[in-house]
Protein chains: 2
Amino acid sequence: MARPPIFPLADARTVADDGDDASFCSTCAFSSACLAEGVGKRELRELHVLVDHVGPIAAGNHVFRKGDPFDAIAAVRAGTVKTYVNDADGHERVLGFHLPGEVIGLDGIDGERYPCNAVALDTVMLCRFSFQRMSSLAARLPGLQRHLFRLLSRGIGTAVQLGNDATADQRMAAFLLGLSQRLATRGFSATRFRLTMPRTDIGSHLRLAPETVSRVLKRFQDDGLVDIDRREVELLDVEALDALAAPVLSR
Amino acid sequence: MARPPIFPLADARTVADDGDDASFCSTCAFSSACLAEGVGKRELRELHVLVDHVGPIAAGNHVFRKGDPFDAIAAVRAGTVKTYVNDADGHERVLGFHLPGEVIGLDGIDGERYPCNAVALDTVMLCRFSFQRMSSLAARLPGLQRHLFRLLSRGIGTAVQLGNDATADQRMAAFLLGLSQRLATRGFSATRFRLTMPRTDIGSHLRLAPETVSRVLKRFQDDGLVDIDRREVELLDVEALDALAAPVLSR
DNA sequence: CGCTTCTTTGACGAAATTCAAAGCGTGTGG
DNA sequence: CCACACGCTTTGAATTTCGTCAAAGAAGCG
């Protein structure tokens, strides 16, 4: 499990980009999002030539590790990436689960090193962007610059969300709904999905013991809010979950 | 207490910038930081002409409110700004205390509205930057763009910090040390300083009841870690505090 | 000086962690 | 194909930390 990370491409299996099919990277989230920001299709091609398509990365392999020199950000194309840190006692703290369309590595810009570890939870495909080259391009493409500012700003918002005080039930409800919504945005079912991470990771992410995760999910099940079999989830009563999660979201 | 916010300058007492003294805004954190990023002095002047010097803002007045249209970020020049949100139950949650040299408003870029409230805890002076104009400038000044990316990235990092799991003692130690370090960076004493916020706010920030804040501080005092009189703090045993705070910081 | 706001203190209670142990699935090797 | 081992999950009981409630004390302010 101490294999080297995939970044910085020293040992990566990289799929070269054809560069001539703009829709090829549509799941990168950059293409569509940048179009929405007013980046023209011609300019979009400029962005695509600086993309490395990375993967597949098997579950358990690291994309990057805390302390690695920062040189790129990446959009998840398929699979789930978990970011985490270890505190001084060695306890793992999960910062986030990153689904297709989401971007990882932004927090590494400041310190020029990645401040956390990123590991694949299942088979992962990535689009890797040299940050230096993307910055240069952003200076010429206002839409791209705007998109990057937005992504970073959003990153603050999502990080802030995690700091909330709330009961175990409320945090869990918010977690399930958050997953649901993010999956729905990417075209997956909003009500049936698979938890790609173990209970331990969910707990670490929500500041709960894994036992508590198990108990809360059981109670949700008993109360008819969800149907859970192992890692398969079906949301049965979104209304009730919403009501539970309400205090987590700011007014 | 329902007075209108200072932004967007509708009602603000704004001090016009002379524009001809680059050192005038040295405490904005932008000047020195941007110089470090390779922005030349001539270019720096371009940045200064788009600065509004705002203030003084009296304690209790809002700089902006959640939902206000986002159009500017601001660097604190003097005083302390508290950012906070109210959850669905009306409970206040303090996101941060912003000291001189620190920047507020970055989290508003994404949604085009400020996602939180910002209020002065004491007499506050600000440098206000039109974000639109700063973005345009950033396209021409790579150093400025880099600085903005860094600021945003750092914002993610500090927000992530708050999500930590830790005991009340550990969080409080980390909070005191964090304040100490940030004040020291700005030239203030690292060991003696004033808490500009009530216990309630500290608690809300650290996810603790104000009573717990009081008890923890008392214990720190009894154990000789700090000397606290009302809101005046002296750190007596930084080593011990560091040891306490260790699990909060990622390894 | 009297009000308000903030802070401290104590007693109690609740939510979640910890500890311990038993199920359950999956994959592997005999 | 089955048995076994390993990791993950569930469950129960005891413990602990912190929040809640109540009230008194202190400081600042008009």
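Fair warning: this is a prediction, and the values are worked out from it, not measured in the lab. Convention: sequence-line order gives letters A, B, ...; per-chain numbering from 1.
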Ranking A:Thr200 and B:Leu208 by the position along DNA chain D of their nearest nucleotide, the one closer to 5' is A:Thr200
Of C:dT18, C:dT8, D:dT20, the nucleotide closest to the side chain of A:Glu211 is C:dT18
Go through residues 81-97 of chain B and report each residue with a non-hydrogen atom lying under 4.0 Å from DNA chain D, sorted by number.
-> none
Report yes if the side chains of B:Phe193 and B:Leu235 come closer than 4.5 Å at any heavy-atom pair, otherwise no.
-> yes
Side chain of B:Lys218 only, please: which of C:dT9, D:dT9, D:dT20 is the nearest?
-> C:dT9
Between D:dT10 (C1') and A:Gln221 (CD): distance, integer Å | 13 Å
Mind checking whether B:Gln170 and B:Asn164 have side chains closer than 4.5 Å, heavy atoms only?
-> no
Taking the side chain as every heavy atom from C-beta outward, state whether A:Ser250 and A:Gln161 have any atom pair closer than 4.5 Å.
-> no
Can you tell which of D:dT11, C:dA16, C:dT7 lies closest to the side chain of A:Ser214?
-> D:dT11
Where along residues 243-251 of chain A does a heavy atom come under 4.0 Å from DNA chain D, residue by residue in number order?
-> none
Please determine if A:Asp71 and A:Arg128 form a salt bridge, counting it only when a charged side-chain N lies under 4.0 Å from a carboxylate O.
-> yes
Specify the separation, in whole Å, of atom CZ of B:Arg194 and atom C1' of D:dG28.
-> 11 Å
Length of the CD-C1' vector between A:Glu232 and C:dC24, whole Å = 16 Å
Atom CG of A:Leu195 and atom P of D:dC8 are separated, to the nearest Å, by 15 Å
Phosphate-side-chain proximity, B:Arg207 and D:dC18, N/O vs OP1/OP2 below 4.0 Å | no
Could you state the CG-P distance from A:Leu217 to D:dT9, rounded to the nearest angstrom?
-> 10 Å
Which part of the nucleic acid, if any, lies within contact of A:Arg171, taking any heavy atom under 4.0 Å across all strands shown: a base, the sugar-phosphate backbone alone, or nothing?
-> nothing
Do NZ/NE/NH1/NH2 and the carboxylate oxygens of B:Asp222 and B:Arg215 come within less than 4.0 Å?
-> no
Starting at CZ of B:Arg231 and ending at C1' of C:dT8, how long is that distance when rounded to a whole Å?
-> 14 Å
Whole angstrom value for the distance that separates P of C:dA15 from CG of A:Leu206 = 18 Å
Check: B:Arg171 side chain, B:Arg207 main-chain N or O, donor-acceptor pair, under 3.5 Å = yes
How long is the gap from CD1 on A:Ile156 to CG on B:Asp110, to the nearest 0.5 Å?
-> 10.0 Å
Atom CD1 of B:Ile228 and atom C1' of D:dA27: how far apart are they, to the nearest Å?
-> 17 Å
Report the nucleotide, chosen from C:dT9, C:dT8, C:dT17, that has the shortest atom-to-atom distance to any side-chain atom of B:Arg215.
-> C:dT9
Quick one: CG on B:Leu206 to CG on B:Asp201, what's the gap to the nearest 0.5 Å?
-> 10.5 Å
So how far is it from A:Leu176 CG to A:Ile228 CD1, rounded to the nearest 0.5 Å?
-> 6.0 Å
D:dT9 OP1/OP2 closer than 4.0 Å to side-chain N/O of A:Arg230 = no
Is there a side-chain polar atom (N or O) of A:Arg199 under 4.0 Å from OP1 or OP2 of D:dC8?
-> no
Kindly assign one of parallel, tilted or perpendicular to the pair A:Phe64 and A:Tyr114, based on the angle between their ring planes and the thresholds 30° and 60°.
-> parallel
Has A:Thr167 got a side-chain N or O lying under 4.0 Å from the OP1 or OP2 atom of C:dA15?
-> no
